[in-house]
Structure formats: C-alpha cells, structure tokens
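Inspection log for the structure reproduced underneath, given as structure tokens.
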Amino acid sequence: KLQGGPLLVKASRSLLVEARTPGCRAQVVQALITNMEEASKNLTNPYENYFFFKNGASLLKELKATEALDLLIANIDLNDGYPSSLDDFPAFVAIVKIGEPAIPKLQLVLSNSSDPVTRKFAAFAIAYIGGSEAKNALTSALSRETDPCVKNLLQVSLQAFDNKPKPNHISSKLNGKWLSAFYCR
C-alpha cells in the first residue's frame, strides 16, 4: 500500500526472489491475486488500495503471471482518479507487458463487454501488444463495434499496423493519431 520508498523496494524484491524459487511462484501469484481482488472491491480507502493494486500489478507484470489476466483485465481502467499517463493504469501496463498471451482474453472483452470504455482499453491493449494475432482480433472486432470512439480506435490501429519495418505493430509516424483515437470521449 506504500507509494514508494526503500521498504516497498525491499518487499518487492523479496517477493520476486521468493517467486523465482521452485514451488513458490504459484503461491506468490495466488496470494497477490487474492489480495488484489479484495483491494479492488474495498472502496473504504481507494487511494491506498490503488497503490496496493499498482504495486501488485507491477509484481505480476515482472512474473508475466498469465494466471492473473482475468483480474488485470477486470481492472484494466483502474487508476488513481487523476491519470496523466498510461503508467497510471497499472493493470493495463501489466497486461501489455504480459503480451500475446493476453490477446484471446482481451478479444473476449471486445466481443462481450457492454462498456465502451472497457472495450476501448481492450482494443488499445491489443494494438499496443501488436502482432498478427492482434491484427486478426482488431479486424474481427471492427465489424461488430457500435461505439464511434472504439470503432475509430480499431480503424486507426489497423491503419497504423501498416508498418513496413515492423508489420502488425503501431508505426511511429501514426503513433500520435493512434493515441488521439484512444483519448476520444
């Protein structure tokens, strides 16, 4: 729940070392998931819970904990109430760091979520991860999407995937247009 400092660094390092010990990774990941689920539901002190979630997501990201994807995706737009960059969305950051294994679950969100904000974050994460599986997921979602902002993000993402040096990844020359499409309201 700490915002930073040496105690947080020490605790994080200790958990990462422990998680890399044979047989302990599953225990550490499950304990993080259980406690982060509780923190995301407990709104008595949302600011404190945000830092707990942010620090937990950082650990899950380092462990590439695919078993935490459901929790992370359920909280993909969680922030401290004053987001100024994508780093203020800890679940989003962890999801894109986990990468390609997240795409099928994100694709389900694009297909099944009734919330356009959640779909927008899912589309953005898929595009951020990139690759041929991402392109297929975005293409598939485009024909079903009804929200104008999400639809535009899908279209711009697919345009930005026309990237000669790194196919199916956002091109640097369309990065600004892509980010603008994400911030549509």
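All heavy atoms count here, side chains included; hydrogens, waters and symmetry mates do not. Since the structure is predicted, the reported quantities are computational estimates derived from the model, not experimental observations.
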* Is there a chain of hydrophobic side chains (I, L, V, M, F, W, Y, each step under 4.5 Å between heavy atoms) that links I73 to V117? -> yes
* Determine, step by step, whether T146 and K151 satisfy the side-chain contact (heavy atoms from CB on, under 4.5 Å) criterion, reporting the C-alpha distance in whole Å, the side-chain angles of both residues, the deciding distance to 0.1 Å, and the verdict. => CA-CA 7 Å; T146 57; K151 190 170 197 94; over 6 Å; no
* To do: Would you list the pairs meeting side chain to side chain donor-acceptor pair (under 3.5 Å) in which at least one residue belongs to residues 96-108, sequence neighbours left out?
  => D70-K105
* To do: For N152 and P148, indicate whether the former's side chain and the latter's backbone hold a donor-acceptor pair under 3.5 Å.
  => no
* **Under 3.5 Å: donor-acceptor pair, side chain of N75, backbone of L71** => yes
* Structure fact -> For D87, the side-chain contact (heavy atoms from CB on, under 4.5 Å) test, sequence neighbours excluded, returns S85, V93
* Structure fact -> Note: I126 and I103 closest approach over all heavy atoms is CD1-O, 4.5 Å
* Structure fact -> d(S114 OG, R119 CZ) to nearest 0.5 Å is 7.5 Å
* To do: Given side-chain contact (heavy atoms from CB on, under 4.5 Å), test S12 with L59 step by step and report yes or no.
  => CA-CA 7 Å; S12 294; L59 290 167; 4.0 Å; yes
* Asked: Sequence neighbours excluded, which residues qualify as side-chain contact (heavy atoms from CB on, under 4.5 Å) partners of A122?
  -> L106, V109, L110
* Asked: Can you tell me how far NZ of K54 sits from CE of M36, rounded to the nearest 0.5 angstrom?
  -> 12.5 Å
* Over all atoms of both residues, closest heavy-atom pair of N163 and S171 -> ND2-CA, 3.3 Å
* To do: Keeping to residues at least two apart or across chains, list the disulfide (SG to SG under 2.5 Å) pairs with something in residues 145-185.
  => C149-C184
* Asked: Can you list every pair that meets disulfide (SG to SG under 2.5 Å) and has a residue in residues 108-145, with sequence neighbours left out?
  -> none
* Asked: Is there any side chain to side chain donor-acceptor pair (under 3.5 Å) pair reaching into residues 120-140, and which pairs are they, with sequence neighbours excluded?
  -> S140-R144
* Asked: Are V96 and L108 connected in a single hydrophobic cluster, I mean Ile/Leu/Val/Met/Phe/Trp/Tyr linked by side-chain heavy atoms less than 4.5 Å apart?
  -> no
* Side chains of Y50 and L78: closer than 4.5 Å at any heavy-atom pair? -> yes
* Would you check if the side chain of S180 reaches a backbone N or O of G176 as a donor-acceptor pair within less than 3.5 Å? => yes
* Structure fact -> Between A160 and L174 the two heavy atoms that sit nearest each other are CA-CD1, 3.6 Å
* Report the residues that fulfil side-chain contact (heavy atoms from CB on, under 4.5 Å) with P83, sequence neighbours left out, ordered by chain and then residue number. => N79, D80, D88, F89
* For the residue pair L60 and A68, what are the closest heavy atoms and their distance? -> CD1-CB, 3.7 Å
* Asked: To the nearest 0.5 Å, what is the distance between CD (E38) and CZ (F53)?
  -> 12.5 Å
* Asked: Rounded to the nearest 0.5 Å, how far does CD1 of I170 lie from CD1 of I129?
  -> 11.5 Å
For residues 16-29, dump all side-chain donor-acceptor pairs below 3.5 Å to protein atoms at least two apart in sequence or in another chain.
from : atom 1 : to  : atom 2 : distance (Å)
T21  : OG1    : V17 : O      : 3.2
T21  : OG1    : E18 : O      : 3.3
R25  : NH1    : E67 : OE2    : 2.6
R25  : NH2    : L63 : O      : 2.9

* Asked: Taking all atoms of both residues into account, what is the closest heavy-atom pair of P90 and A57, and its distance?
  -> O-CB, 3.7 Å
* To do: Quick one: which residue pairs count as a disulfide (SG to SG under 2.5 Å) with a foot in residues 92-128, not counting sequence neighbours?
  => none
* **Atom NZ of K166 with >12 non-hydrogen neighbours under 6.0 angstrom** => no
* Does a side chain donor of either T34 or Q30 reach within less than 3.5 Å of an acceptor in the other side chain? -> yes
* Identify, with sequence neighbours excluded, every residue that meets side-chain contact (heavy atoms from CB on, under 4.5 Å) alongside T66. => L69, I98, P101
* To do: Could you check L142 against L158 for side-chain contact (heavy atoms from CB on, under 4.5 Å), going step by step and ending with a plain yes or no?
  => CA-CA 9 Å; L142 183 58; L158 289 167; 4.0 Å; yes
* Contacts of K173 that satisfy salt bridge (Lys or Arg N to Asp or Glu O under 4.0 Å) - sequence neighbours left out -> none
* Which residue pairs pass the ring pair (Phe, Tyr, Trp, His ring centres under 6.0 Å) test with at least one member in residues 154-185, sequence neighbours excluded? -> F121-F182, F124-W178, F124-F182
